[in-house]
Amino acid sequence: MRTIQDLRRDEKDTQSLRSRSGVIFFFLLILIISGVFKILQLTILDRVNYEAESDKNRIINVPIYPARGLIKLEDGTLIAENIVTKDLYIKTKLYKSSMDQVEKLRNKVLDENRKIDQLQVSIQDEEKIWLARNLSEQELAKYEVQKNSIPNIQLEAKLRRYLPHKNLFSHAIGHLGLINMDERLSLSRAEYPDDSFIGKVGLEKSYEKTLRGKAGISLMEVDVYGNKIREINRVFPDKPFNLTLTLDLRLQKIAQEELANRRGAVVALDPTTGFIKALVSSPDYNPNILNGSESGSPVSQSSLEDSPFFNRAISGLYPPASTIKPFIGLLGLEEELITESTIIEDKGFFQLKEEGRKYRGWKEDGHGRVDLKKAIVESSDVYFYELASKLTIDRISAFLLRFGFGQISGIDLINESKSILPTRNWKLGNIGEAWFVGDTINIGIGQGYISSTPLQLAVSLSAIANKGKIFQPKLIRNNQLDDYEPDLLMEVQIKNPKHWNIIEKSMISVINSWNGTAHNLYEEGGITIAGKTGTAQIKSLTDQDLTVREEYEGIRKDIKNRDHALFASYGPVPHPNLVVVVIVENGESGSAVAAPIAKRLIEQYQININES
């Protein structure tokens with residue numbers, strides 16, 4: 001029999017068991033409640049967050065890039081368009097494990113002279129490595145045969161920039177290129193992925209935002225392997241604007257043809273509007289190679305040393321030489337240091353003092369008795385040596401500045417060089433020397449420290465053609481309406497407006513007079529052209545014991561030391577519609593080499609106007 005003591009012991013054990021059971025039950029209850037709450041949280045409370053995370057894996061944003069804007073002439077001729085090219089790529093994550101396929105691509109598909117790009121992946125999220133761009137028809141055919149054996153290498157169609165006229169507009173339009181690291185820092189990947197092409201020079205760069213437009217977005221659903229299932233939504237891209245070019249196709253072709261790959265430049269502009277009608281720098285290059293729309297080399301091997309990518313028309317700095325004489329003559333009239341009939345004796349040299357240095361003219365025996373008209377017509381150096389010495393550099397610099405010398409024109413192209421208009425302070429700051437009268441004498445004939453670009457010289461000359469008005473030079477016409485109002489860049493006010501006519505008549509006589517330096521252009525019954533020849537010296541002639549001709553004969557043995565040939569002109573007078581500046585490096589004769597190019601352009605432009 002169990003005793004009372006045993007019963008009490010059992011009761012204590014039962015109470016202890018109940019206490020432990022209660023504690024265990026309490027903890028089980030907490031776990032159950034926590035579990036239920038977690039389930040509720042995952043399935044109901046945080047459902048939106050997890051759905052969003054799921055959508056990130058399931059739904060992706062695919063950018064939609066618009067086709068680049070077109071560039072056309074005013075008559076609708078396409079100058080820059082977009083064509084479809086075929087490129088080969090491999091996903092970055094597959095590249096290292098697919099070297100055998102890459103090697104097969106090289107040996108079985110691509111042409112022997114093509115090198116696989118093998119773009120280096122420097123950006124962590126770069127998804128593709130482009131192996132070959134712009135496949136030829138033959139390469140495409142080979143790829144179709146081999147594609148099953150190189151499954152990791154994919155074909156993709158791309159729009160590429162294409163210039164139908166190839167080299168003809170290269171320095172005006174420019175070209176595109178792959179985005180570089182410096183550009184990457186300032187541009188978003190949404191607008192410019194790492195394999196984007198962007199305007200590098202020319203109008204392609206100046207009008208990059210206008211031509212590119214704004215990307216749209218396609219919201220796509222994908223499976224676990226990244227394959228697209230369906231499009232959920234689409235935001236269409238903003239269509240870019242097309243540009244209308246002011247250039248004239250015929251003039252452009254003539255300028256390129258006449259320069260014939262010689263180093264030089266031609267700029268032609270309408271002085272009444274500022275519209276550029278021809279802008280050619282020679283030698284040139286094929287932008288399509290750099291745009292990726294053609295294969296090969298953008299320049300010929302023979303032209304490499306002549307800097308074919310350098311835009312001489314807007315960046316080349318040359319002494320204006322004798323083309324500056326009409327401006328100096330106009331200043332002399334304005335300052336009343338000379339009149340139309342002021343005569344000096346040109347003996348072939350000028351001296352400040354009897355025993356001083358002789359500043360020699362180009363004509364050994366001199367030009368005899370010379371007035372302003374004869375000085376411009378025959379290009380008397382001595383006349384302008386003497387006039388410049390009286391004017392001083394202060395008055396010359398201040399006057400030329402009003403015509404745009406020493407400034408950039410502000411044309412809608414990048415990399416325009418600022419021409420040099422020296423002053424006393426300029427020489428002290430850049431050369432470290434004081435200004436001398438001899439420096440001023442050299443400026444009087446467009447030599448010494450002064451320099452200008454072909455574009456700047458054309459802009460300055462338009463002031464004489466317009467009797468004071470200079471309009472902003474432009475390559476792109478923004479307004480297609482007939483009542484277009486040109487932008488006035490500056491206006492030169494002079495004391496006596498008759499002085500414009502005196503200078504213009506002298507420039508007309510450069511061609512029309514029997515003794516004019518460009519009389520070879522004269523054609524009875526032809527259009528009237530005002531012009532000025534120039535011969536820009538590369539090497540100074542300093543040997544006083546030799547004649548100018550004898551010293552130059554020694555210098556010209558090296559072709560690159562020969563003088564540059566210059567001609568600055570406008571016509572037809574009295575209502576000029578074209579200013580033309582031509583420079584042919586080391587061409588020597590402005591009248592024989594440069595002037596005929598300008599005449600042909602002015603004549604052709606009149607034909608174009610009559611036909612339109």
Side-chain angles (χ1 to χ4, degrees), residues 318-329 331-332 335 337-338 342-397 400 420 422-424 427 431 433-451 510 515 517 532-558 561-566 586 588-591:
Y318 305 96
S322 293
T323 62
I324 207 170
K325 289 175 180 176
F327 298 94
I328 302 297
L331 176 58
E335 294 294 329
L337 290 174
I338 57 169
T342 300
I343 292 175
I344 68 141
E345 187 69 29
D346 180 351
K347 299 178 180 179
F349 63 89
F350 170 75
Q351 286 177 294
L352 281 169
K353 298 177 182 178
E354 285 190 16
E355 300 300 322
R357 174 187 168 183
K358 288 185 177 181
Y359 294 89
R360 296 177 294 179
W362 67 268
K363 191 175 181 181
E364 301 291 344
D365 300 326
H367 297 266
R369 290 171 59 81
V370 178
D371 60 11
L372 177 60
K373 179 180 178 181
K374 185 178 179 181
I376 291 175
V377 169
E378 296 187 6
S379 201
S380 165
D381 290 337
V382 172
Y383 186 95
F384 289 98
Y385 285 151
E386 183 170 323
L387 178 56
S389 69
K390 295 175 181 178
L391 284 169
T392 74
I393 188 59
D394 303 310
R395 286 193 283 191
I396 291 174
S397 293
L400 293 180
I420 298 174
T423 61
R424 297 178 191 276
K427 187 183 179 187
I431 310 299
E433 297 177 359
W435 190 269
F436 301 108
V437 177
D439 298 325
T440 307
I441 291 171
N442 283 328
I443 297 296
I445 63 164
Q447 294 289 161
Y449 297 115
I450 190 169
S451 68
V510 169
N515 58 331
T517 53
K532 184 68 194 79
T533 55
T535 305
Q537 291 181 353
I538 307 302
K539 291 284 186 179
S540 299
L541 304 179
T542 56
D543 193 335
Q544 300 284 319
D545 296 328
L546 297 175
T547 66
V548 171
R549 185 182 297 275
E550 288 170 342
E551 188 174 358
Y552 182 66
E553 280 301 316
I555 288 174
R556 75 181 300 276
K557 289 178 181 178
D558 184 344
N561 285 337
R562 293 178 184 178
D563 298 339
H564 296 329
L566 268 165
N586 313 119
E588 298 188 293
S589 174
S591 59

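Keep in mind that what you see is a predicted model, and the values were worked out from it rather than measured.
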> Can you check whether Asp439's main-chain N or O pairs, donor with acceptor, with Asn442's side chain at less than 3.5 Å?
Replying inline: no
>> Using the rule side-chain contact (heavy atoms from CB on, under 4.5 Å), only one of Val370, Asp381, Asp365 pairs with Asp346; which is it?
In response: Val370
>> Any non-hydrogen side-chain atom of Ile441 less than 4.5 Å from a side-chain atom of Arg357?
In response: no
> Taking side chain as C-beta onward, heavy atoms only, is Pro422 less than 4.5 Å from Trp435?
Replying inline: yes
>> Angle between ring planes, Tyr318 versus His564, binned at 30° and 60°: parallel, tilted or perpendicular?
In response: perpendicular
> If you count the non-hydrogen atoms of other residues, nucleotides and ligands that lie under 6.0 Å from NZ in Lys373, is the total more than 12?
Replying inline: no
> ring pair (Phe, Tyr, Trp, His ring centres under 6.0 Å) with His367: which of Phe350, Trp362, Phe349?
Replying inline: Trp362
> How would you list, by chain and number, every residue that makes a ring-ring contact (aromatic ring centres under 6.0 Å, His included) with Phe327, sequence neighbours excluded?
Replying inline: Phe403, Phe405
> Under the criterion side-chain contact (heavy atoms from CB on, under 4.5 Å), which of Ile445, Ile396, Leu400 is the partner of Ile324?
Replying inline: Leu400
> Heavy atoms, side chains only, cut-off 4.5 Å: are Leu352 and Ser389 in contact?
Replying inline: yes
>> Testing the 3.5 Å rule here: is there a donor-acceptor pair between the side chains of Thr423 and Ser397?
In response: no
> Lys532 and Ser379: side-chain donor and acceptor closer than 3.5 Å?
Replying inline: yes
>> Whether the side chain of Gln447 engages the backbone of Gln537 through a donor-acceptor N/O pair (distance < 3.5 Å, no angle test) should be reported.
In response: yes
